[in-house]
Structure formats: structure tokens, C-alpha cells
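First comes the structure, then the notes that go with it.
Lettering follows sequence order; numbering is per chain, from 1. When reading the values below, keep in mind they use all heavy atoms of this one structure, side chains included, and skip hydrogens, waters and symmetry mates. As the structure is a prediction and not an experimental result, all values here were calculated from the model.
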Number of protein chains: 2
Amino acid sequence: MVLNNYRKEDKVLLAVDCIIFGFYQEELKILLVQRDFEPAKGEWSLIGGFLKKEEDLDIAATRILNHLTGLNNVYMEQVHSYSKLDRDPEERTISVTYFALIDIAHHCKDLLKQNPIKWFDLKDFPELIFDHNDMVQDALTSLRNRVGTKPIGFELLPEKFTMRQLQKLYEAILDTELDKRNFINKFNSFDLLTKLKEKDMSSSKKGAFLFEFDEDKYQKKVEEGFCFKI
Amino acid sequence: MVLNNYRKEDKVLLAVDCIIFGFYQEELKILLVQRDFEPAKGEWSLIGGFLKKEEDLDIAATRILNHLTGLNNVYMEQVHSYSKLDRDPEERTISVTYFALIDIAHHCKDLLKQNPIKWFDLKDFPELIFDHNDMVQDALTSLRNRVGTKPIGFELLPEKFTMRQLQKLYEAILDTELDKRNFINKFNSFDLLTKLKEKDMSSSKKGAFLFEFDEDKYQKKVEEGFCFKI
DNA sequence: GCAAAAGTGTTACGTCTACACCCATGT
DNA sequence: ACATGGGTGTAGACGTAACACTTTTGC
């Protein structure tokens with residue numbers, strides 16, 4: 001027999017946890033929070049919260065991110081749902097994760113000062129509560145897959161960036177070294193970037209030209225069947 | 001302030017919906033059920049149910065699949081969570097989808113006779129309730145991505161299969177035509193199949209050699225860094 | 001003048017694609 | 001003997017990967 005009465009069914013707590021990635025000094029970073037409530041008070045955790053009756057998951061993720069960071073208009077994608085019975089010792093909780101991509105330099109100058117929130121190097125961050133370490137791992141895998149088929153890397157960079165920054169970003173995400181000429185040639189072949197007249201003088205004496213991602217151009221190309229593939 | 005009391009939080013109904021794929025007569029199929037309860041009684045729907053207190057999502061998906069089909073040991077993967085406020089008119093319900101891969105020929109001879117469950121051609125199935133059409137689309141996308149990086153296609157075939165069957169399967173999943181020589185050459189280059197002495201005589205007079213997927217060999221290769229990529 | 005990063009093309013290599021004929025067998 | 005699907009190899013196109021030197025300028 002098919003289940004036929006919604007009201008008889010068990011309800012559960014639904015949480016949303018955000019894996020917030022940033023990019024700074026050529027390294028991928030992750031934003032973590034020190035829990036200020038039990039259980040596991042004082043331990044490091046992903047930024048999360050509970051789904052409310054009147055919102056869907058995407059909105060909850062946006063709200064939670066905004067609530068703890070003050071950030072808006074952040075690129076987010078749902079990753080996976082976690083449901084092991086004992087994953088949260090306090091109460092049975094199912095958690096849906098989202099990864100978020102943030103341009104640290106632009107948005108977060110004062111975040112770093114705020115107390116229980118801190119950026120960590122993705123290669124060296126503390127043990128997290130519950131199954132949050134798995135979540136980070138899965139989110140990273142998801143990001144790696146995604147970045148290969150959709151030009152979302154820019155979400156981690158300032159609007160204007162140098163080719164070298166872009167390359168270092170992809171190197172950090174994919175955890176591999178890339179040849180600068182091949183990288184630039186490939187990216188240029190997509191014809192998605194606008195080269196500006198400005199230069200960034202912060203990393204060399206000669207200065208490096210700045211580029212912008214042309215979202216409109218990308219959308220038009222997609223409609224024409226273009227498929228981003230790096 | 002961080003949320004600090006689990007008990008105050010809203011709880012929700014959590015459903016699991018299964019997108020069950022099969023392969024038969026060179027076409028991808030999907031298993032659908034006619035709802036025998038309100039709302040939307042009589043309409044076609046994915047096979048689903050509600051998560052129970054004592055199970056995690058993987059187990060719920062397995063139970064639901066088994067309950068409506070009698071099948072065990074079915075390959076399943078979580079796809080996505082759907083949470084639009086009005087997606088289920090009866091009551092706020094979040095749904096987590098799983099795709100399942102089934103060898104129709106082997107397992108389901110009598111399923112077809114059972115009443116409210118029916119295999120449909122993936123290219124021609126009825127309008128589904130709620131957001132189930134989106135779920136099917138997303139699951140198909142997920143299957144397409146997955147099949148390119150993990151040898152799961154075999155789950156849709158009998159244990160022993162011909163190269164032609166395998167090729168037709170990939171053609172059906174990817175919705176594209178493949179060259180038989182290129183396909184065979186590529187697959188053989190992986191060295192994951194065992195050629196049997198037996199032939200399948202059902203589709204030609206000459207007969208076609210049967211092959212088996214060597215799961216152990218695949219696992220060993222993966223440990224050595226092998227990466228399936230088709 | 002030298003250190004440090006920016007910028008720029010070509011060649012070799014490997015992979016992917018296209019393609020056509022013979023084989024075995026049941027009717 | 002012929003119709004049907006099974007099985008096999010190669011050559012050209014294409015994309016990827018490897019590689020080194022010149023430029024600019026602040027110190």
C-alpha cells in the first residue's frame with residue numbers, strides 16, 4: 001500500500017550548512033565559525049542554520065549566509081543532503097549543504113575582525129563538528145566539477161582581475177599547476193573576457209593588464225550552444 | 001545571534017522520490033506509479049515515500065524502492081533536494097531525489113503486470129505531478145554526468161552483455177550516436193571487461209560474444225589512480 | 001644593472017574521429 | 001545464396017602539452 005496520509009508521517013529538523021569558499025593570496029580559503037551554543041560549543045563548524053517554514057532551501061541558505069556574514073548576492077549552489085541518524089547528537093537533524101563563492105578582498109575586510117568567524121586555509125583548517133569535514137570534502141569535489149563546466153571561478157575574484165590571478169585561482173581549486181601560456185590561450189579561445197586598459201600594479205613593477213568577465217557575452221554564447229569546458 | 005535552541009525550530013515533512021531508470025529494447029525507460037491517494041490521485045508520479053525517524057535518506061530510498069518494486073541491491077545515488085513552498089499542495093514537503101538503475105530484463109518481468117506501476121519510454125512519458133518533471137530532468141542530467149566518470153552503466157544491463165548492448169546503452173543515456181569501432185576500442189583500452197566464451201544468439205545469426213564487467217579489476221585500478229572517463 | 005613578474009608562438013605528441021570491408025550463420 | 005548483425009584497423013584532424021626568451025620598471 002502506498003503511504004496515504006501526510007499527517008501520520010514523521011517530521012524532522014532541516015538544517016542548511018554553507019561551505020563558504022574564498023580566495024586570497026593564491027590560496028583557497030574557507031570561512032568557519034566557532035559555535036557559541038551546545039552541543040559542541042566552542043568547536044569549529046560550518047556556518048549553518050535551520051530551515052524555516054516560510055522559506056525554501058535556496059532562500060534559507062542565502063539568509064543564513066547573510067545573517068552571519070552580512071553578504072548579499074553571493075553565488076551559491078546546493079551540494080548534498082546528509083542524514084545519518086546520529087550526525088547531530090542533540091537531535092535528529094537532516095542537513096542540506098550549499099557551497100558559496102566569495103571575493104574576500106572586496107567584501108570581507110571587516111569580517112576578519114568579527115569574533116567567532118574566521119577564514120582558514122583550505123589546506124589547514126581545524127577539525128570540524130559532526131560530519132562537517134565530509135561536507136567540506138564533498139563541496140570541494142562539487143566545486144571542482146562545476147568549475148570545469150561553468151565559468152563560476154570569477155565569483156571568487158574581484159570584478160577586475162589579472163590573468164595570473166585567474167590562473168592561480170584555477171590552480172588552487174584544481175590543486176594542480178598550469179602552464180601560463182596554455183592557460184591564457186585556452187581562456188582567450190573562449191572569448192569571454194574583456195581586456196581593460198588599466199593595469200594592476202600591486203604584484204609587479206611592470207604591471208599586469210586587468211580583465212573582466214563578460215557575463216552577457218557568455219549568456220549569448222550559451223544560447224548559441226556554447227559549452228564552457230576547461 | 002546564532003540560533004541556539006533546536007526545539008524552537010520548525011520541522012518539516014521529508015519525502016524521498018526515486019527516478020528509476022531502466023533499459024529495454026535499446027531505449028531508456030522510467031518507472032512511474034499512478035497515485036492511489038489524494039492529492040492528485042490517479043495522476044502519474046515518481047515512486048516516493050516519506051523519511052521515517054529511524055532511517056537515513058539512503059535507507060529510506062532503498063526501502064521505498066523495495067516496497068513498490070520488490071527489488072533489492074539496486075544502485076542508487078542522491079541527486080538533489082526540492083523545497084519550493086508550494087511544490088506539494090497538500091502540505092509543505094521537502095523532497096530528496098535519488099536515481100536508481102535497474103536491469104529490467106533480469107528483475108522486472110512481472111513488475112510490468114502489476115497494476116499502478118508502469119515502465120515508460122523516457123522520450124514519451126505522461127505529465128507528472130508537482131515538480132516531478134523537473135526531478136526527472138535533473139536526474140537525467142546527473143546520470144549523464146555520472147556515467148561519463150564512473151562505470152555505472154552496467155547496472156542497467158544483465159550481468160552478461162554484448163558490446164553492442166553496451167554501446168546502445170551509452171547512446172541512449174547520452175542521446176547521441178556512437179561509432180561502434182571507436183566505442184569498442186575506447187572501452188577495451190580501459191581493460192575492465194572480461195570477454196566470455198559464450199555468445200548471445202538472440203539478436204543475430206552469427207551471435208555476439210558476451211562480456212562481464214570486472215568490478216574487482218576496476219577497484220584495483222582506481223586505487224592505482226585510474227580514472228574512468230568516457 | 002639587476003631582480004621579478006608580464007607577456008607572447010610554435011612544435012611534438014597523443015587522442016579522437018571518420019570510415020569500409022569481411023565473417024559467420026540461419027533461413 | 002543472401003540477408004543480417006558481428007567484428008576488426010588505419011589515416012587524418014584536432015586539441016593538448018611542452019617549452020624559452022624578451023619586456024618593463026622599481027630598486
Could you give me the CA-CA distance, side-chain angles and deciding distance for Phe154(B) and Phe161(B), then say whether ring pair (Phe, Tyr, Trp, His ring centres under 6.0 Å) is met?
CA-CA 9 Å; Phe154(B) 310 105; Phe161(B) 51 85; 5.5 Å; yes
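Distance Gln167(B) CD to dG5(D) P: 14 Å, rounded to the nearest Å. Per the geometry, CZ belonging to Arg164(A) stands 15 Å off P belonging to dA4(C), to the nearest Å. Between the CG atom of Leu166(B) and the C1' atom of dG7(D) there is a distance of 16 Å, rounded to whole Å. Note: CD (Glu177(B)) to C1' (dC16(C)) measures 18 Å, nearest angstrom. Between Phe187(A) atom CZ and dA6(C) atom P there is a gap of 17 Å when expressed in whole angstrom units. Look at CG on Asp200(B): it is 14 Å from C1' on dT25(C), rounded to the nearest Å. Going from atom NZ of Lys168(A) over to atom C1' of dA5(C) covers 11 Å, rounded to whole Å. Look at CG on Leu178(B): it is 19 Å from P on dT15(C), rounded to the nearest Å.
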For nucleotides 8-13 of chain C, which of its nitrogen or oxygen atoms have a protein nitrogen or oxygen under 3.5 Å away, and what is each distance?
none

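For the pair Lys199(A) and Phe209(A), the cation-pi test (distance below 6.0 Å, angle within 45°) is passed.
A salt bridge is defined here as a Lys NZ or Arg NE, NH1 or NH2 lying under 4.0 Å from an Asp or Glu carboxylate O, and Lys160(B) with Asp200(B) fails to meet this definition. Under the 4.0 Å criterion applied to side-chain N and carboxylate O atoms, Lys168(A) and Glu171(A) are assigned as salt-bridge partners.
When all heavy atoms are compared, the tightest approach of Glu77(A) to Ile152(A) is OE2-CD1, 4.2 Å. Taking both residues in full, the closest heavy atoms of Asn133(A) and Phe125(A) are given as OD1-CE1, 3.6 Å, listed atom of the first, atom of the second, then distance. When all heavy atoms of Val79(A) and Ser142(A) are compared, the pair lying nearest together is CG1-CB, 4.0 Å.
The stretch residues 203-211 of chain A touches DNA chain D through Lys205(A), Lys206(A), each having a heavy atom under 4.0 angstrom from the strand.
With no hydrogens or angles considered, no side-chain donor-acceptor pair links Asp17(A) and Tyr82(A) at under 3.5 Å. The closest side-chain donor-acceptor pair between Glu223(A) and Gln219(A), if any, does not fall under 3.5 angstrom.
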